[in-house]
Amino acid sequence: MEKLKTASDLEKLRKNLINKKNSKNTVVSICSGTGCQAYTSENVVKAFIEEIKKQKLENKVDVKRTGCHGFCEKGPVVVIYPKEICYLQVKPADVSEIVTQTLAQGKTVDRLLYTDKKTDKKIVTESEIPFYKNQKRLIFGNNRRIDPKDIDDYIALGGYKALTKALLEMKPTQVLDEVKNSNLRGRGGGGFPAGRKWETTRNASETPKYVIVNCDEGDPGAYMDRSLMEGNPHSVIEGFIIGAYAIGSNQGYIYIRQEYPLAVENTEQAIKQAREYGFLGKNILGSGFDFDITIHRGAGAFVSGESSALMSAVEGCVGEPRSKYIHTAISGVWNKPTCLNNVETWANVPFIINNGSKWFSDIGTKDSKGTKIFSLVGNVNNTGLVEVPMGITLREIIYDIGGGIPNGKKLKAVQTGGPSGGCIPENLLDLHVDFDELSKVGSMMGSGGMIVMDEDTCMVDVARYFVNFLADESCGKCIPCREGLRHMIQILDKITSGDATEKDIELLQELSEVVQMASLCALGQTAPNPILSTLKYFRNEYEAHLRGECPAKVCKPLITYYIDPKKCKACGLCLKNCPTNAITGQKKEPHVIHIEKCTKCGTCFDVCKFDAVVKKTGEKNKNKKEKTIVAG
Amino acid sequence: MAKEKNKTDFVGVRLTKEQTKALSKLQKNSELSKTDVLLRGLEILSEYYALGLDRPPLNMELKKLEQEAIHHLNELKKIKQKEDAVKQLVQELKDVDQIIDEYNGEKSALIQILLKIQAKNSWLPKPALLWVSERLDIPMSQILNIATFYKAFSLEPRGKHLVRVCLGTACHVRGGPKILQAAEQFLGIKSGETTSDFKFTLESVNCLGCCALGPVMMVDEEYHGKLTPSKVGDILSDYQKDTKKVEEKIIAQ
């Protein structure tokens, strides 16, 4: 690769690449995101390469491994361009049929197409599938067209155009103004205006200045940063360089979570290629601006995603937060001004520079502009990554894009904002999703996790799960968070085992408010959100637990398993599978569960084909009452 | 009585059957009388005794020498083992050196260096940490602070395969805890423990970042999604077999 020295060099390269691409007609793009790789997409890729060779189509067809397409539920996903034919759940055994039918003869293989559940019709093109049709794919859209390991793919699609525009046609302050005018808000959780943050660092007196990409996506249930970093690393890098130019920084760090090895691999490769073309290094594109990037891998600590903790980790120290009476934008890494933004925030920048702040601020609501990527997961039909304009309703996301709740179950709540967010009940589904609306109902945008919960989810158990998680991840530096969360778990344990009273709930509420007010960093300050929001919307469930009932039949101490003798066909399946031998029964006789031996693991419930195993709740208190009567 | 029968008297010397046979053979070859041969033999024997070689007998002496030789051999083996251990340690420290040099010995790269050591050994051996402390001039207390703070590090040896069961929110609502239970049952250990044969270490993690496939389990670098408790045993037993193959390979090498 030759270093590009001017803007015209880049345009020449782009033209060459486009011409080269046009000479080949068909492209088979196979999703190789982590999700599809788990479905062994690599075997599909190999099968395609082999079959194409076998049928002598190498000169007409290109095979491409791309980043995550987002429709992870139906992976591995294969899209054939230019017709955009989308095949879902493709197995290596299907490949020869696709090559013979579609690539050689131009016919579609109907059984691999998406079937619309409402009309039972087959849908051929990717963009017509309801999951994609109702999205606005801006940041995430190029993932499916790009091989993340090949910078040429990104350049051919207009990549690094924004960089040349910013570096050669605009002054740093003009870039800054453009971002400020766009009203881009940080996508990492807090929603702080990115432009204002940039300005603070730019105006800080100390030098050198640093910039950081935060890809420490620790929120359980969220993986959009991963898919962006893995699938289109150059879009983040381009935005990052533009930001550094506006801020006046010459050194950047990309902090990537330890659990994301593929993201590290692809980003390393992308940085290497960007250096070879001269987008990084000294005198970028002849503008006189120098900038380079170092990757810093995380080592597994949720709290390290907090900005001051992350900066401490970059310095090579323990990733604990500090009190921010001086903002990190003024005194961050090595006490120098440091601007930290989330992956998605940086990836928005090239779009703003290319299309202008006006175009960007036309998308979204009054105070939340642009689009947001959510990871739509949990009890929903179409799990995956969805990019939607701000202001869309939760109902549209869950039902139009997500396809509703599986197995005919009812929706109970949607949890947004990760462990620090809150649970939104079904009756608020018409809420317009943006930063402020979500905060108003006691939740938050967070990094964009959206976990759908059906009627079989116990909200007290969910609250306990989150507090447990946060107590585990609390660094222990400040007492309200460390001790407060520990005691909150104790109370929640008491509630979920049916031993609590009304007073415990009052204490829980009070404790939550103290932790919220007195904690050092955002982890502690937002930790009570799951409790407060469930107390607000699902207080009846807490009260049921006081009576010894778990309405969703989840909390182990409050349920018992029991075999309905009328339904039991004495097949012996539960008896064979029971790990503690708690089930007895003869042939042709209904089986019985012996409660004293039962560990309530639920295996019998899962294996029974006749729905004869039933969960009961409320038995515990009945026994208690009976006992007291006897004692009395 | 039977023994008595086997023996014959010869010039006042008691001989066994075999001795008589040997005597006849000698006599035939030497064309001397049996008595002459016997007397000559006794003469030689007395000469031998006169030399004072009877105590201790020769074969005992030989055994002693043999034992000494074995002892020395064992010592040599031990020395060789020690030498190998030292060589290995030196090699390990050289590897650590190489990792440190990759980062130009920068103090701020401490976490990155520890991550690479962890990836190489699957745990952080003490000599390696001491060496890092020496080279980077960072006190051991600070290194241990980091090694115990972050979840990626282990100060104890871990199994050949690292099994990580995801208990993130998406996996939690789709039955992740049951997957962990199944893995615990199959391996016979609790989360956070290592099997006694060092084949598996079981851990639960808070999110593996492929939530759409929940519940998810990761074995080494491979993801296994959309699990049911019954699938867990099948997957893990595949790795168990694989371990055998790996062991065979190591032995073959």
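Below, chain A is the first sequence line, B the second, and so on; all start at residue 1. Keep in mind that the numbers below use all heavy atoms, side chains included, and drop hydrogens, waters and symmetry copies.
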Give, as side chain, backbone, both or neither, the part of [X] having an atom under 4.5 angstrom from any heavy atom of chain B.
X: A/Ala222; value: backbone
X: A/Asp225; value: neither
X: A/Val607; value: neither
X: A/Glu259; value: both

Under 3.5 Å: donor-acceptor pair, side chain of [X], backbone of [Y]:
X: A/Tyr223; Y: B/Cys207; value: no
X: A/Arg297; Y: B/Ile111; value: no
X: B/Lys226; Y: A/Glu73; value: yes
X: A/Tyr39; Y: B/Leu213; value: no

Should the heavy atoms of other residues, nucleotides or ligands under 6.0 Å from [atom1] of [X] be counted, would the total exceed 12?
X: B/Lys94; atom1: NZ; value: no
X: B/Glu83; atom1: CD; value: yes
X: B/Gln91; atom1: CD; value: yes

Candidate pair B/Thr169 and A/Phe466, rule side chain to side chain contact (heavy atoms under 4.5 Å, CB included), full reasoning | CA-CA 8 Å; B/Thr169 328; A/Phe466 282 122; 3.3 Å; yes
Mind ranking [options] by heavy-atom pairs under 4.5 Å with chain B and telling me who comes out on top?
options: A/Pro261, A/Gly476, A/Ala299, A/Gly218; result: A/Ala299
options: A/Cys317, A/Ser375, A/Gly384; result: A/Cys317
options: A/Ala313, A/Cys458, A/Gly449; result: A/Ala313
options: A/Gly378, A/Gly75, A/Cys475; result: A/Gly378

By salt bridge (charged side-chain N to carboxylate O under 4.0 Å, His left out) - contacts of B/Asp101 (at least two apart) |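 Scan of B/Asp101 (salt bridge (charged side-chain N to carboxylate O under 4.0 Å, His left out), adjacent residues dropped) gives B/Arg135.
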Where do [X] and [Y] come nearest, in terms of heavy atoms and distance?
X: A/Ser304; Y: B/Tyr150; result: OG-CE2, 3.6 Å
X: A/Tyr260; Y: B/Leu208; result: CE2-O, 4.1 Å
X: B/Phe149; Y: A/Gly319; result: CZ-O, 3.4 Å
X: A/Pro579; Y: B/Gln185; result: CB-NE2, 3.4 Å
X: A/Val380; Y: B/Arg174; result: O-NH2, 3.8 Å
X: B/Lys178; Y: A/Gly602; result: NZ-O, 4.3 Å

Between [X] and chain A, which part of the residue has a heavy atom less than 4.5 Å away: side chain, backbone, both or neither?
X: B/Glu222; result: neither
X: B/Gln118; result: neither
X: B/Ile146; result: both

Under 4.5 Å between any side-chain heavy atoms of A/Ile451 and B/His172, yes or no?
->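 SC-SC contact between A/Ile451 and B/His172 ruled out.
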Flag side-chain contact, heavy atom, 4.5 Å: B/Tyr103 against A/Thr294 = no
Hey, which of [options] has the most heavy atom pairs under 4.5 Å with chain A?
options: B/Cys211, B/Pro229, B/Ala152; result: B/Cys211
options: B/Leu110, B/Thr228, B/Asn206; result: B/Asn206
options: B/Ala212, B/Gly225, B/Gly168; result: B/Ala212

What distance do B/Cys210 atom SG and A/Gln37 atom CD have between them, rounded to the nearest 0.5 Å?
-> 10.5 Å
